[in-house]
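Every value quoted in this text rests on a predicted model; they were computed, and no experiment measured them.
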Amino acid sequence: MALVVHDTLTRSEREFVPRDPGKVSIYVCGVTPYNYCHIGNARPYLVWDVIRRYLSYKGYSVRYVQNFTDVDDKIIKRANEEGISALEVADRYIKEYFYDMDALGIKRADVYPRVTDHIPDIVAMVEKLIETGNAYVLDGDVYYSVESFPEYGKLSGRSLEDLKAGARVEVDARKHHPMDFVLWKASKEGEPAWDSPWGPGRPGWHIECSVMSLKYLGPGFDFHGGGSDLVFPHHENEIAQSEAATGTAFARYWVHNGFINMGGEKMAKSVGNVTRVRDIVKEYPGPALRYYMLSTHYRSPIDFNMEDMPAAQRGWERLRNLEENLDRALAGQETAMPQDLSSNAREFLSKLAEYRSAFEVAMDSDFNTAQASGVLFDLARDLNSYLAAGNITGERAAVLAKGRDLFLSLGEVLGLTGVDEGGQDRVMVDGLVRLVAELRQEARARKDYATADRVRDRLAELGIVLEDTSAGPRWRYN
RNA sequence: GGUGCGGUGGCGAAGUGGCUAACGCCGUGGUCUGCAAAACCAUUAUGCGCCGGUUCAAAUCCGGCCCGCACCUCCA
């Protein structure tokens, strides 16, 4: 079955064919670490986390590169405000970035190149662009000449004429064309600077991604992604630089995610309506936020509302409860598939195959995580029914184990199962709860239900949900 | 001004020509339970912004209108 991807460049759905058979190369524009991540910042990384998980699931060997823009005006400003170096600001917020990504269960990229580690590469590419006549020097600055690249505007679907007409910025009259953008910026007093053939300075914003993506993935790599606001000018400029320098196509597929709004307005620090990732994960489980964001297709905007989080949490808990119940039911069970299967068992197994294929159809349709999660819930309902239908032994255990494997393998793609919720304290807390549960069982045996209820209620207040089942008490942590 | 996206049940959200309009949450009734919880079953849009049109058949295609949003500047 073919994976189909919506490509911003062609504005169409295209079948995915990798540059190198069996391998996928991905470059996603990373953050400028000068502040904590809000959920709008986090969306692309969540989206790409799922995309790369799915590509791995499909058997591709994935190489995923995501940069850090660790020198830039905002970082310098922040450094000056706090009286520390730009490097210290970047290091600090990179650490915070990982803290937030971990809370969301986002796996690490293979490489996190930083701009400041690639200055010689950047200088080399700027020199190359000057050589090829695509760039010019102006008082220590170097500009890219958009008129030198006939296809300029092909990604964002704009012509130079449109852009000139719509320009909302004061144009530097020295530039050859109003849309020319800076490749190398001469440094001002007190700014971080590196030596270059044009004097001390630092890279412009767009050049880093061209340099680092080409360095780590080579020309014509498979996916280039980021938020939809990066289409213009950032990605447009990356194409112009890279294709002018290499003479070949830059990236094969351009994938852009929609924005997160807040009260109908774009979430942005400048608007002041941001909700940080950590503001949410201190109140709700990380996977709940994950599920919340994945229940909308990645290209659609999400109007974030904190009041929708409880519903997302409940939804995710449904999956988590099932995962726990399956673990319990199958613990210590012999799950080797017997030779002869009953017709019930065969029927259930074929149903499992249908769920797998429905999930793949959804994900193959431009990574439709909303539909895919629907399939996961359908599967969950069947597994719950199966679990409730009788004792899990013999053939039933073997069949259920297959169901569990499927559930976990699909859940893993979305990152909604296999979540490690416990810290090291969990072991001790678990021991304490086991003790309390035993005492409560004794109370119940005496028909002292007042005590039994009090224990359960008090535990519930602490976020520990105790349940009585035919197999004895069990509990989970909310 | 230019470019693009969207309006589906109480809420969130899939579905882009044809089965009963997925799925999650909430509500209601039931099963199970000492009571609960979890889970399961049943139930909740004769209708998919509005008006026309095409078609045997449209939420899905076409035209018009209304409303919301984003990008064109740093921005995920």
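Counting atom types as modelled, A:D303 pairs no side-chain N or O with a base atom of B:G68 as donor and acceptor under 3.5 Å. The base of B:A36 lies close enough to the side chain of A:R456 for a donor and an acceptor atom to sit less than 3.5 Å apart. Below the 3.5 angstrom threshold, one finds no donor paired with an acceptor across the side chain of A:N305 and the base of B:C11. The base of B:G4 has none of its N or O atoms less than 3.5 Å from a complementary donor or acceptor on the side chain of A:R11.
Across all strands shown, A:R440 has heavy atoms under 4.0 Å from base atoms, whether or not it also approaches the sugar-phosphate. At a threshold of 4.0 angstrom between heavy atoms, the contacts of A:K447 with the nucleic acid are absent. Residue contacts shown for A:D468 include a base, since a base heavy atom lies under 4.0 Å away. Backbone-only contact: A:F377 has heavy atoms under 4.0 Å from sugar-phosphate atoms and none from a base. No contact: A:D73 has no heavy atom under 4.0 Å from any strand. As judged by a 4.0 angstrom heavy-atom cut-off over every strand, A:R314 is placed among residues touching the sugar-phosphate backbone only. Across all strands shown, A:Y291 has heavy atoms under 4.0 Å from sugar-phosphate atoms exclusively, and none from any base. Note on A:N41: a base of the nucleic acid sits closer than 4.0 angstrom, heavy atoms only. Using a 4.0 Å heavy-atom criterion, one finds that A:I260 contacts the bases of the nucleic acid, with or without backbone contacts as well.
For the P atom pair drawn from B:U44 and B:C50, the interatomic distance equals 22 Å after rounding to whole Å. Nucleotides B:C72 and B:G12 are separated by 31 Å at their C1' atoms, to the nearest Å. Comparing B:A57 with B:G17, their C1' atoms are spaced 8 Å from each other, to the whole Å. On the P atoms, B:C65 is 22 Å away from B:A70, given to the nearest whole Å. Rounded to a whole angstrom, the distance from the P atom of B:C74 to that of B:C11 is 39 Å. Taking atom C1' on both nucleotides, B:G29 is separated from B:C19 by 29 Å, rounded to a whole Å. Distance check on atom P: B:C62 versus B:U28 gives 43 Å, rounded to whole Å. The gap from the C1' atom of B:C25 to that of B:C51 amounts to 35 Å, rounded to the nearest Å.
Pair assignment for B:C19 gives none, since no Watson-Crick or G-U wobble pairing has each distance under 3.5 Å. Using Watson-Crick or G-U wobble geometry with both donor-acceptor distances under 3.5 Å, B:G1 finds its partner in B:C72. Within the shown strands, nothing qualifies as a pairing partner of B:A14 under the Watson-Crick or G-U definition with both distances less than 3.5 Å. Partner assigned to B:G29 is B:C41, using Watson-Crick or G-U wobble distances below 3.5 angstrom. The partner of B:C35 cannot be assigned: no Watson-Crick or G-U wobble pair with both contacts below 3.5 Å exists in any strand. Using N1 to N3 plus N6-O4 or O6-N4 for Watson-Crick, or N1-O2 and O6-N3 for G-U wobble, each under 3.5 Å, B:G6 pairs with B:C67. Base pairing of B:U60 is not made with any nucleotide, judged by Watson-Crick or G-U wobble geometry with both donor-acceptor distances under 3.5 Å. Judged by Watson-Crick or G-U wobble contacts below 3.5 Å, the nucleotide B:C48 has no partner.
The residue among A:H206 and A:D308 whose nearest nucleotide of RNA chain B lies closer to the 5′ end is A:D308. Residues A:S156 and A:C29 each lie close to RNA chain B; by heavy-atom proximity, the contact nearer the 5' end of the strand is made by A:S156.
Whole-Å rounding puts the A:L46 CG to B:A76 P distance at 16 Å. Atom CG in A:L160 sits about 13 Å away from atom C1' in B:C72, given to the nearest Å. Rounded to whole angstrom, the span from the CD atom of A:Q313 across to the P atom of B:C26 amounts to 11 Å. At whole-Å resolution of the value, CD1 in A:I302 and P in B:G68 are 22 Å apart. As rounded to whole Å, 6 Å separates atom P of B:C71 from atom CZ of A:F259. Note: CZ (A:R474) to C1' (B:A38) measures 6 Å, nearest angstrom. For the pair A:R158 CZ and B:G1 P, the computed distance is 16 Å after rounding to whole Å. Between A:H256 atom NE2 and B:A76 atom C1' the separation is 10 Å, expressed in whole Å.
Within the structure, a side-chain polar atom (N or O) of A:R381 is placed less than 4.0 Å from OP1 or OP2 of B:C23. Here A:R299 does not reach the OP1 or OP2 of B:C5: none of its side-chain N or O atoms lies under 4.0 Å away. When the side-chain nitrogen and oxygen atoms of A:N368 are compared with OP1 and OP2 of B:G15, one or more of them lie within a distance under 4.0 Å.
Under 3.5 Å, the side chains of A:E412 and A:Y57 contain no donor-acceptor pair of N or O atoms. A donor-acceptor contact under 3.5 angstrom links the side chains of A:Y216 and A:H118, judged on distance only.
Checking side-chain atoms of A:S228 against main-chain N and O of A:G258 turns up no donor-acceptor pair under 3.5 Å. Under the 3.5 Å distance criterion, the side-chain polar atoms of A:D7 are matched with a main-chain donor or acceptor of A:W254. Using a distance-only test at 3.5 Å, with no hydrogens or angles considered, a donor-acceptor pair links the side chain of A:E236 to the main chain of A:L155. Not a single donor-acceptor pair under 3.5 Å links the side chain of A:R278 to the backbone N or O of A:D100.
If you check B:A38, B:G34, B:A76 against the side chain of A:R476, the one that comes closest is B:A38.
Aromatic pair A:Y64/A:Y27: centroids not less than 6.0 angstrom apart.
Paired with A:H256 under the rule side-chain hydrogen bond (donor to acceptor under 3.5 Å, both in side chains), one option of A:H6, A:H235, A:H224 passes, and it is A:H235.
Residues A:R320 and A:R476 are in side-chain contact: their nearest non-hydrogen atoms beyond the backbone lie under 4.5 Å apart.
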Mind running side chain to side chain donor-acceptor pair (under 3.5 Å) on A:H177 and A:D180 for me, showing each step along the way?
-> CA-CA 5 Å; A:H177 184 100; A:D180 287 352; 5.5 Å; no
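Near RNA chain B, defined here as any heavy-atom distance below 4.0 Å, the residues from residues 224-237 of chain A are A:G226, A:G227, A:D229, A:L230, A:F232, listed numerically.
Taking a 6.0 Å sphere around CD of A:E82, one finds it holds more than 12 heavy atoms contributed by other residues, nucleotides or ligands.
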